[in-house]
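What follows is a set of notes on a single structure, which appears directly below.
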There are 2 protein chains.
Amino acid sequence: MKHTIKDVAAYAGFSIATVSRAINAPHTVNRVTLAKIRDAIEALQFRPSPLGRQLRGERTRLIGVVLPTLANPVFAECLQGIDDLAASQGYRLMLMTTQYDADRERHAIETLLAQRVEGLILTVADADTHPLLDELDRDGSLYVLMHNDTARRPSVSVDNRRAAFDGVRMLIEHGHEHVLMLAGTLAESDRARLRYRGYTEAMKLAGLTPRPALEVDFNADELSPAVLAHLTSGPARPTALFCSNDLLAMVVMRGLRRARFSVPEDMSILGFDGLAVGELLSPPLASICAPNREIGCAAWQRLIARIEGADDGDSLSLTLPHTLRKGATVTALSGAAGTALPAQPLA
Amino acid sequence: MKHTIKDVAAYAGFSIATVSRAINAPHTVNRVTLAKIRDAIEALQFRPSPLGRQLRGERTRLIGVVLPTLANPVFAECLQGIDDLAASQGYRLMLMTTQYDADRERHAIETLLAQRVEGLILTVADADTHPLLDELDRDGSLYVLMHNDTARRPSVSVDNRRAAFDGVRMLIEHGHEHVLMLAGTLAESDRARLRYRGYTEAMKLAGLTPRPALEVDFNADELSPAVLAHLTSGPARPTALFCSNDLLAMVVMRGLRRARFSVPEDMSILGFDGLAVGELLSPPLASICAPNREIGCAAWQRLIARIEGADDGDSLSLTLPHTLRKGATVTALSGAAGTALPAQPLA
DNA sequence: TTGAAAGCGCTAACAT
DNA sequence: ATGTTAGCGCTTTCAA
């Protein structure tokens, strides 16, 4: 990797211009010249430096990816989809994670733009109120949001409100009247709000009373006394929990187990995300599934379409269908409200 | 991001050299000049392009990361550790995944070197027999392996042989005499070999007979008839399974459940990797834990030490300590060999 | 068909 | 303290 186009030119006995042509437009150079240059390239193990090209204002074929964290497999799944497409299309990825921190989001975006990425794929905490995104729009920087659920910006996600609505309705159809929503501490995201709205609407539509979402500490081994109190609160005690994401659902399940609850007999659990590992749990986690990999792929395709000018020019945000995974953590309730009776698990 | 140093110079009324100095060595320029230039930079929203610097042969502050996949959280955990350090130290990451494919490994490494990364952090399928790594050594390209367990190259990992040995010995100490090792289909890695060796040695040391590792399809919902046959094979039927990684262990647990085995009553399970999600399982997965995040961080630090010349100059490979996570999927066997009796789970 | 030369954004001698 | 200039690796007119 240490040789430059000059070395090749000298070695082959031609000018650097001809070498450049031999590489980028082989048909414009003489057959024997071409052969000699190719030999030289081979002999010297020459690989053209993208830096020179990039500086010339050619394309960098660099895409920036900004994600909150990789500790949540949701994002790892997306990223895997993106990476596969990137590799097959000759793009390179620059990755930065933000831990949901606004400063790190800003820093990541600026760093990536400075590096002259051709576009950005990002998941931010809150897309609607994000001043940086307005800047990007103004500057004409190309980007696509993933998972951020907003109609105002180019984005790919599921319909979070509707998905939550469907999930909670499913719980209600299974006889649950006291459904409580649990959220992580990092709940201040557009998605979290929409999911809560979906929960609220499903409850109201059924004539039930939505309650405020309960915050749960992601990192605690056990459920806090405050949370436990909510779970055992007399006649209105919840029989089903709607967790705002799968990781949270798993933490909650462990907490319930330690507190001697059994799932789903004492408490039904519904997650959100459709993590692959959820299916490996025992019992397998019921979840509102987003097609994470496809979201990544779709975001990629839209971005590349815009970059390569083939802008489909259609509506900004793309909504992919969600599905309900009927895991065994949700069971039907056949008795009076608030009383869990033996019941068959979902198919 | 569209303005160059020239624009700033023109706007401020100085030469580009002075602007450059204002940015890189502020103390060498007049206070009022500096102020004007900073105003110009602010007004124009100028951010120096790394490309120019990089082309000048300055440092790129780019690090390449090559991983088999992000679908296995082992690698996502490492990457998270790397990314945090990179962000705090002003480096940028270029990521490529290989799906354990040798061609993709080669392609990734070449692409990254062409981009003039200052160093590589990689996990390859098999470090010992990898011709590319020899090339890197020859070219003086800096790299550090993660998880690859080899003394011949710069690497950070646990002692896979010893870790497997410890794990299997633990199973034996719990009364298991028929321990079978299960491996995924992508088993041709240095780690897999060493883990099998550890298994073998632990068995032999206890006077037991190691068996060939049994291959399991990662993607199947159910265990294959062939595998099931091995699990129920008369008097020598295994009472404990040592799975070569946690993801496999989880798949196997699900397969066992579907086949009406219960864990750990009918079969003890020990995984390898120490995935965070393993602890959220029910029962929590016993595992030989590698400090994945720390492995990523340590690899980073060694690479940066070499890049920045502060090469600690010590031994090539760094071995981090593994731990045994005594999950409830392993139980003591108190009766005759091959017969599972009721027994208390591990603490 | 090939070569000479300019220039992409930046830094670092060298000059003033 | 500031400016001039050369050059990093490459592509691309423009000439020959």
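Quick note: numbers below take in every heavy atom, side chains included, and nothing from hydrogens, waters or symmetry partners. For clarity, every value in this text was computed on a predicted model and none was experimentally measured. In what follows, chains are A, B, ... by sequence order, proteins preceding strands, each numbered from 1.
- Atom NZ in B:Lys36 sits roughly 11 Å away from atom P in D:dG3 (whole-Å rounding).
- The nearest whole Å value for the distance from the CD atom in A:Gln54 to the C1' atom in D:dC8 is 14 Å.
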Next on the checklist: As a quick check of understanding, evaluate ring-ring contact (aromatic ring centres under 6.0 Å, His included) for B:Tyr11 and B:His3, giving each step before the final call.
Outcome noted: CA-CA 11 Å; B:Tyr11 187 102; B:His3 290 293; 8.7 Å; no
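- The CZ atom of A:Phe14 sits 19 Å away from the C1' atom of D:dT11 (whole-angstrom rounding).
- Distance CZ (A:Arg21) to P (C:dA4): 11 Å, rounded to an integer number of Å.
- The nucleotide whose nearest atom lies closest to any side-chain atom of A:Glu58 is, among C:dG9, C:dC10, D:dT11, D:dT11.
- Using a 4.5 Å heavy-atom cutoff, the side chains of A:Asp103 and A:Arg106 are not in contact.
- The shortest distance between the side-chain N/O atoms of B:Ser49 and the OP1/OP2 oxygens of C:dC8 is not below 4.0 Å.
- Using a 4.0 Å cut-off, some side-chain N or O of A:Arg53 falls inside it from OP1 or OP2 of D:dT11.
- We find that A:Asp84 and B:Arg104 are joined by a salt bridge, their nearest charged nitrogen and carboxylate oxygen being less than 4.0 Å apart.
- Set against C:dA4, C:dT2, D:dT11, the side chain of A:Thr18 has C:dT2 as its closest nucleotide.
- Taking only side-chain atoms of A:Asn30, from C-beta outward, the nucleotide of C:dT2, D:dC8, D:dT4 with the closest atom is C:dT2.
- The side chain of A:Arg56 has D:dC10 as its nearest neighbour among D:dC10, D:dG3, C:dA4.
- Of the options B:Asp134, B:Asp137, B:Leu133, a side-chain contact (heavy atoms from CB on, under 4.5 Å) to B:Arg152 is made by B:Asp134 and by none of the others.
- At a threshold of 4.0 Å, the pair B:Glu118-B:Arg61 does not count as salt-bridged, since none of the basic side-chain nitrogens sits closer than that to a carboxylate oxygen.
- As judged by a 4.0 angstrom heavy-atom cut-off over every strand, B:Pro48 is placed among residues touching the sugar-phosphate backbone only.
- The separation between A:Ile23 atom CD1 and D:dC10 atom P is 7 Å, rounded to whole Å.
- Residue A:Thr33 places no side-chain N or O under 4.0 Å from the OP1 or OP2 atom of C:dT1.
- When each of A:Ser15 and B:Gly52 is assigned the nucleotide of DNA chain C with its nearest heavy atom, A:Ser15 is the one assigned upstream, toward the 5' end.
- Rounded to whole Å, the distance from CG on B:Leu55 to C1' on D:dG9 is 5 Å.
- Using a 4.0 Å heavy-atom criterion, one finds that A:Ser20 contacts the bases of the nucleic acid, with or without backbone contacts as well.
- Side-chain atoms of A:Arg116 and base atoms of C:dG9 include no donor and acceptor less than 3.5 Å apart.
- In this structure, NZ of B:Lys6 is placed 13 Å from P of D:dT5, rounded to the nearest angstrom.
- Closest approach to the B:Ile16 side chain among C:dC10, C:dG3, D:dG3 is made by C:dC10 (side chain taken as heavy atoms from C-beta onward).
- Rounded to a whole Å, the CZ atom of A:Arg59 is 14 Å from the P atom of D:dT11.
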